[in-house]
Structures are given as structure tokens and as C-alpha cells.
2 protein chains.
Amino acid sequence: MLPATTRKRRKPASPEDGGLRMTRQRQEVYDILRAHRDHPTATDVFLRVKDSLPNISLATVYNCLELLVEHGLVRQVNFERESSRFCPNLEQHGHFHDRGTGTIHDVKFKPGTDLADVLELPQGAVIQDIEINLRGLLHQT
Amino acid sequence: MLPATTRKRRKPASPEDGGLRMTRQRQEVYDILRAHRDHPTATDVFLRVKDSLPNISLATVYNCLELLVEHGLVRQVNFERESSRFCPNLEQHGHFHDRGTGTIHDVKFKPGTDLADVLELPQGAVIQDIEINLRGLLHQT
DNA sequence: GAATTAATTTAGAATAATTCTTGCTATTGC
DNA sequence: GCAATAGCAAGAATTATTCTAAATTAATTC
Ligand SMILES: [Mn+2]
Ligand SMILES: [Mn+2]
Ligand SMILES: [Zn+2]
Ligand SMILES: [Zn+2]
């Protein structure tokens, strides 16, 4: 058996990428989400990624987004029945949809507070996932 | 001009029904939502309403649900990208989806608490609508 | 490093929830 | 009762998303 250092080996899955092999397409999709954190739809991502990968297909963009979500690198955000949007912010946060401009803003949780303090959860409920979506208007101050 | 009491007049829109004319179909759809508050989908409602209105169409169920939502009698509840569900509970509340059984439970807000206390809202944000969706498991106690 | 195997991507077809269109029916206002 | 309006049913259309199958690329084995 050869020493471990000389054996050819695939790049190990880092904790960062959640064990997902970072192909060119997946990396570009992920980079695009982190470059412009405006909660783009799959089609938005598709149009943007074409600049660097002109031959990428929409199906691949959907595949990449699905994998990034499954591996916990990206969050999928749904407002009403609109197209899903994608967000690389992994901190616990909600979303505010400004009906005036159509933009979506991240909403942090105040430190030291717990959502469960505000809610009357059913007996025995163990929360695995929290989704908070707000809609309204953003007025100039 | 005849006295008001003798003139034939349509049933006035009550504050309860939000100005919506309550046709047979709308009434049955609404009654079904209030009878079983299990957050049924449009198809669920369709199947149930057929007992009393065997000729109703799915399109009509969708129309009725849309109108009931627009007029504020019913809330539309979306989890992920699943079919919309419908809820006649008009109190401010969130939803807990038990992944074990697939059931959806209403989650009241604790009296005297304010969600805004837990969130760092963007400057100038005026909230018109709040959606809180929780997912997890309900353990027997 | 060529052959083999496995994973990924692509293009287009399929799916499914929802919405739209159209002709018909019921209700309303007069 | 009659014209105008509103509502309904059936099925077609829409659209975001998923699936399928073939081609490409990458990894593994020899
Ligand atoms: Mn967009
Ligand atoms: Mn159901
Ligand atoms: Zn976000
Ligand atoms: Zn509810």
C-alpha cells in the first residue's frame, strides 16, 4: 500500500460544501447566489449563469439549486405560489417582501430572543424548521 | 316609492361575509372549511363538497376559495411548493406541520407578545401580513 | 493512461396545480 | 317579463418544476 500522501485521491468534501462535489456548474450557481443576494428565482440564476457558462441548461440550474438546498448551503424561499427564490444566508432569518418594489429583505432575529416564546406550540412539538415571511411596504425614512 | 320594508332587495352583504354574495357553491365551500378545520387542499374541498353538490366543478371550487380568500373569510396556507391549503381561522396564527402524520396545526400567538419584538425589521417597514410556518415532529407526551 | 464505471449535464417531454376561456344558466334590477 | 349582470361548468391553457434518456465528463480500476 502506497503512503496516503502519494495516492491520487479526490478532493475531500469539506464541511463547508456539505459533502457536495463542487462541479463547475454547481460552483457558478452557488457563486451567483452569493454575489447578488437578491433572492433570485431559478430563471434569474439561469440567465446570470449563462454569462460564464453559456451552454448550461435550465434543468441543470434546477438540479444545482436542489442539491445546494439539500446540502444546506442555500435556502429555498417561497412567497405565496410564486417561483421559489434562493438565499445563501444560512443564519436563522426571515424574509420581508416589499410590495412597493418587489424586493425581498432578510430579517434577522433579535439576539437573545426565541420565537417559541411568542408562540403557543402544540404539546410535544419539536421544531425542525422555521419559516417567517412578512409582506408590506418599506417607507422612506 | 314603496316603503323600504316591502321592496324586494337582495340580502345585504354582511360584515361577516366581506361583501361577497353567498351563492350555494360558495356557502358549501365555506361551510366545509369550517366543519373540518384540517387545512384541506382545493381537491380535498372538491371531494367533500360533492356530497352536497355533486355537479360542482373543480374550477368553481378554486373560484370560491379565491373569492373567500380575497374577501378575508379564509386564509390560504402554503407549505413549500405543495398544494395550497385553506383555513377559516381568522385569528392571527401560524401553522405547524407535523412531518410524522402530515397534519397541520394552528399555532396561536401568546397574548401580550409581539412578533416584531423578536425581529429586526428593516427601517420603515410597515407589515401588512405575517406568515409563520413551522415544521417538525409532534411527540406523544 | 486506456478501459471501465459512475456521476453529471443536457434537451426536451411530462407533470400537476392553478388559471383562463367560453358557452350556458341563474339572478338581479327594472 | 326582460335586458343586464354575475356565476358556473367543462375543458383548454399556462407555468413552474420534475422526469427521462442520451450524451458528456469525471473518477476508478487495471
Ligand atoms: Mn428576480
Ligand atoms: Mn388533505
Ligand atoms: Zn434570505
Ligand atoms: Zn390555520
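Every chain is numbered from 1, with letters handed out A, B, ... down the list of sequences.
- Seen from the ring of B/Tyr30, B/Arg26 does not count as a face-on cation partner, given the 6.0 Å and 45° thresholds.
- Residue A/Thr23 places at least one side-chain N or O closer than 4.0 Å to OP1 or OP2 of C/dT9.
- Counting to the nearest Å, the P atom of D/dG7 and the OH atom of B/Tyr30 are 18 Å from each other.
- No donor-acceptor pair closer than 3.5 Å links the side chain of A/Arg85 to the backbone N or O of A/Asn78.
- Comparing the helix axis at one end of the helix from C/dG1-D/dC30 to C/dC30-D/dG1 with that at the other, each defined from 5 consecutive pairs, gives an inter-axis angle of 30° (nearest 10°).
- In this structure, B/Lys110 and A/Ala116 approach most closely via the heavy-atom pair NZ-O, 3.9 Å.
- Closest of all the heavy-atom pairs between A/Phe86 and A/Ala42 is CE1-N, 4.1 Å.
- The side chain of A/Arg26 contributes an N or O atom lying less than 4.0 Å from OP1 or OP2 of C/dT8.
- Side-chain contact check for B/Asp117 versus A/Val118: every heavy-atom pair is 4.5 Å or farther apart.
- Taking atom CZ on A/Arg24 and atom P on D/dT25, their separation rounds to 13 Å, with Å as the unit.
- Hydrophobic clustering (side-chain heavy atoms under 4.5 Å, transitive across Ile, Leu, Val, Met, Phe, Trp, Tyr) keeps B/Val77 apart from A/Ile130.
- Distance, B/Met22 CE to C/dA26 C1': 18 Å, rounded to whole Å.
- In this structure, A/Arg48 is not positioned above the aromatic face of A/Phe46 in the sense of NZ or CZ being under 6.0 Å from the six-membered ring centre and within 45° of the axis.
- Remark: C1' of C/dT25 and CZ of B/Arg21 are 13 Å apart, rounded to the nearest angstrom.
- At whole-Å resolution of the value, CG in A/Leu47 and C1' in D/dA16 are 15 Å apart.
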Between protein and nucleotides 10-20 of chain C, map the contacts as a letter string: B base, S sugar-phosphate only, - none, heavy atoms under 4.0 Å, written 5' to 3'.
BBB----SBBB

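- Annotation: B/His95 is in aromatic contact with B/His39 [ring centroid separation under 6.0 Å].
- Atom CD of A/Glu28 is separated from atom C1' of C/dT9 by 15 Å (rounded to the nearest Å).
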What verdict does the side chain to side chain donor-acceptor pair (under 3.5 Å) test give for B/Thr60 and B/Gln25, after you've listed the backbone C-alpha separation in whole Å, the side-chain angles of each residue and the deciding distance to 0.1 Å?
CA-CA 8 Å; B/Thr60 296; B/Gln25 284 83 348; over 6 Å; no

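- Atom CZ in A/Phe46 sits roughly 14 Å away from atom P in C/dT9 (whole-Å rounding).
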